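This one's a predicted model, so the numbers in the text were calculated from it and none came from an experiment. Heads up: numbering here begins at 1 and tracks the sequence. Indexing begins at 1, ligand by ligand and atom by atom, following the structure's order.
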Amino acid sequence: MPSHRGEFSSKAGFILAASGSAVGLGNIWGFPTNAAENGGGAFVLMYFVLAFCLAYPALMAELIIGRHTKANMVHALQIISPDRTSKSIGKLTGYYGILVASLILSFYSIVAGWMLAYLVDPLATLGGFNGLSDWLTSNSMARNLLFTGLFLVLTCSVIAAGVEHGIEKWSCRLMPALLVMFAGLILYVLIQPGAIAGLKVYLIPDFSQLNDPKLIVSALGQAFFSLSLGVGTMLIYGSYLRPEENLPAVGAIVTLVDSSIAFLAGLLVLPALFVAQQYGLTIYTESGNLIAGPDLIFQTLPALFAGMGMVGTLVALVFFALMSIAALTSSISMLEVPVSYTIENHATHRRAATWLTGAAIFVVSSAIIVNFEALFGLVVTLTTEYSQPLLGLLLCVFATWVWHRDMILEEIRSGHPEVEYSLFWKIWPSYAKYCCPLLILLVLAQSLTS
Ligand code: TRP
C-alpha cells in the first residue's frame, strides 16, 4: 500500500465532502417527485424512518470499515476477513461495488450533462443566441455526448487533484454556495401565487398509501441512493477520516444534512410545479399523476422560468447552477471509488488513474446515450434498485458477522472512548447484525416479487 494516502484535513472538511456526496440529484429531484407520487407526507414520514433506522446504521458500517482498514473496498473487505473463503467473497463484493459505482456514474453524468446544458441556456438567451439556445434545450445525441463529456472532465479535474486539494477543497467551496442558492430559491418560489397548493400535496399525508408495498420499496431505494450507500463511496471517504473523529456523531450529521436537504427540496420543487399551473402549464400526466420524470425538470420548470421574463432567466440560471453543483459534489465521490482502487492496487499515479477511469466511464456513458431507450432505465434499475440494497446488506454482514466483534468495537471507540456511554454503542452492534440485514432482505424480496 502506498504510504501517502490522502486525508481530510478537518472534521468540517469531511462533513462537507460526505454531505456533498450524499446531497445530489437524488435529493433535489428524486425525493420530491417520489414523495408526490407516493402519498406525499406519508412517503416523507416513511423516508425519515428508513433513513435513520436502516440507512444510517448501514452508513456507519461503511465508515467504520473504511476508517479501520484505510483502504478501498476490495482490499478493505479482505483485511477484515479472518479466513480464505471470506477473503475471496470480500474481494468479489469489492469488485461488485466498484462496478456498480462506475455504472451509476455513467448514467448520472448523462443527467448531470443535461443540467449543464440548461445552465448554459439562460446565458445564450441573454446573449441573444436563439439558435444555440434551441440546440441546448433540444434532446440531440450530439448535445448529450458533448455535455456528458464536459461534466466528466469537471469531475476528473477535481479527483485528479486529490483528497485534500480536490475533494475537500471543492466541497468546501461548492456546498455553501449550494445552500445559499437553495435558500434563495425556496423563499422566492414560496411567495409566488399557487405555491401553497404544492405544499399541501407535499406535506399532507395520504396514510392509506402506507400499506402500499411500492411506497416502502421506493423509500428505501431513495434512502440508499441518497446516502450514497453500498458501493464503497462512504467506505473510501471514511478511510480518509482522521482517527480522532467521533464516528457515530459525524455519520449522524451527514444523515441529518442529507435528509434535511431532501425535505427542503420538496418545499422548492412541488410548489414550483403548482406555480407553473398558475402560468397555464399542464402539471398532470394523461393518467392523472403529477409530472415527475425528466419532463418536470426539462420542460415544465423551464417553461415556467420562460414565462416569468427577465427574472425567470435569472431564476433558471440559479436553479440549474444549483443542480449542476449538487451533481458534481456527488459524481466526484463516485469516481473516487474506481480511482482509489486503481491507485492502491496497481501502483498508478492519481492523475493517470483518474483520466483513464474517466475515459472508460465516458465510453460506457456514450453507449447508454446511443442506445438510450434500451439501456438507461435498465442500468438505473439494476444498479440502484437491486445492487445498492444488496451491497448494503453484504457490507452489514461483513462488518458484524465476518469481522471480529472486539475489533469493530475497538474501532468505534478509537479516538473517542466516551462513545462507550452512548446509545449507539449499546444498540448498533446487534442492530446492524440482525435487524439491518433482515429488513433489507425483506424489502429486496418485496421488490423482486412485486
Ligand atoms: N447520493 C447522491 C444523490 O443523492 C448520488 C450518489 C453519490 C451516489 N455517490 C453515490 C449514489 C454512490 C449511489 C452510490 O444524488
Side-chain angles (χ1 to χ4, degrees), residues 16-35 47 50-51 55-56 58-59 61-63 66 72-73 94 96-115 151-152 155 158-159 167 170-171 174-175 178 182 218-238 251 254-266 269 297 322-341 361 379-392 394-395:
L16 285 173
S19 310
S21 166
V23 172
L25 301 178
N27 299 58
I28 305 180
W29 176 4
F31 180 81
T33 54
N34 243 326
Y47 176 81
L50 291 178
Y56 170 66
L59 167 69
E62 281 201 36
L63 290 179
N72 62 79
M73 189 162 154
Y96 183 26
I98 294 178
L99 177 73
V100 174
S102 310
L103 285 175
I104 291 180
L105 177 57
S106 64
F107 80 73
Y108 202 82
S109 53
I110 299 175
V111 181
W114 298 338
M115 300 295 169
F151 182 78
L152 280 172
T155 306
V158 176
I159 287 302
I167 300 177
W170 282 98
S171 301
L174 294 175
M175 287 305 284
L178 178 135
F182 197 49
S218 305
L220 185 71
Q222 178 67 37
F224 267 68
F225 185 80
S226 191
L227 268 177
S228 316
L229 293 182
V231 304
T233 286
M234 289 301 182
L235 190 149
I236 199 75
Y237 274 22
V254 172
T255 312
L256 197 64
V257 171
D258 183 56
S259 28
S260 311
I261 299 269
F263 177 76
L264 289 174
V269 173
I297 302 282
L322 174 82
M323 289 301 229
S324 305
I325 291 177
L328 184 63
T329 53
S330 295
S331 66
I332 55 177
S333 74
M334 298 172 201
L335 183 61
E336 183 62 15
V337 173
V339 167
S340 63
Y341 167 76
I361 286 174
V379 176
V380 174
T381 310
L382 284 182
T383 52
T384 61
E385 276 177 36
Y386 297 110
S387 299
Q388 269 193 286
L390 184 64
L391 280 161
L394 287 168
L395 281 165

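For ligand 1, the atoms sitting less than 4.0 Å from at least one non-hydrogen atom of G24 are 3 (C), 4 (O), 15 (O), numbered in the order shown with element in parentheses. Residue-ligand proximity, I104 to ligand 1, at heavy-atom distances under 4.0 Å covers atoms 13 (C), 14 (C). Taking every heavy atom of S333 and a limit of under 4.0 angstrom, the matching atoms of ligand 1 come to 7 (C), 9 (N). In the vicinity of V231, heavy-atom distances shorter than 4.0 Å reach the ligand 1 atoms 12 (C), 14 (C). Close approach to N27 involves these atoms of ligand 1, each under 4.0 Å from a residue heavy atom: 4 (O). Atoms of ligand 1 found under 4.0 Å from any heavy atom of A22, numbered from 1 in the order shown, are 1 (N), 2 (C), 3 (C), 4 (O).
When heavy-atom distances to ligand 1 are checked against a 4.0 Å cut-off, F224 has no atom that comes that close, whether in backbone or side chain.
Checking only distances, Q388 never comes within under 3.5 Å of ligand 1, N or O to N or O. Any N or O atom pair closer than 3.5 Å counts here, and L25 shares at least one such pair with ligand 1.
The nearest non-hydrogen atom to atom 1 (N) of ligand 1, considering only F225, F31, Y108, comes from F225. Of the candidates A326, S228, A327, S228 brings a heavy atom nearest to atom 7 (C) of ligand 1.
Looking at S21 and T233, their side chains never bring a donor and an acceptor atom within 3.5 Å of each other. At a cut-off of 3.5 Å, with distance as the only test, a side-chain donor of D258 or S226 sits close to an acceptor on the other residue. Under the 3.5 Å distance criterion, with hydrogens and angles disregarded, no donor-acceptor pair is assigned to the side chains of Y47 and S259.
More than 12 non-hydrogen atoms from other residues, nucleotides or ligands lie less than 6.0 angstrom from CH2 of W29.
Distance alone, capped at 3.5 Å, is enough to place a donor-acceptor pair between the Q222 side chain and the G26 backbone.
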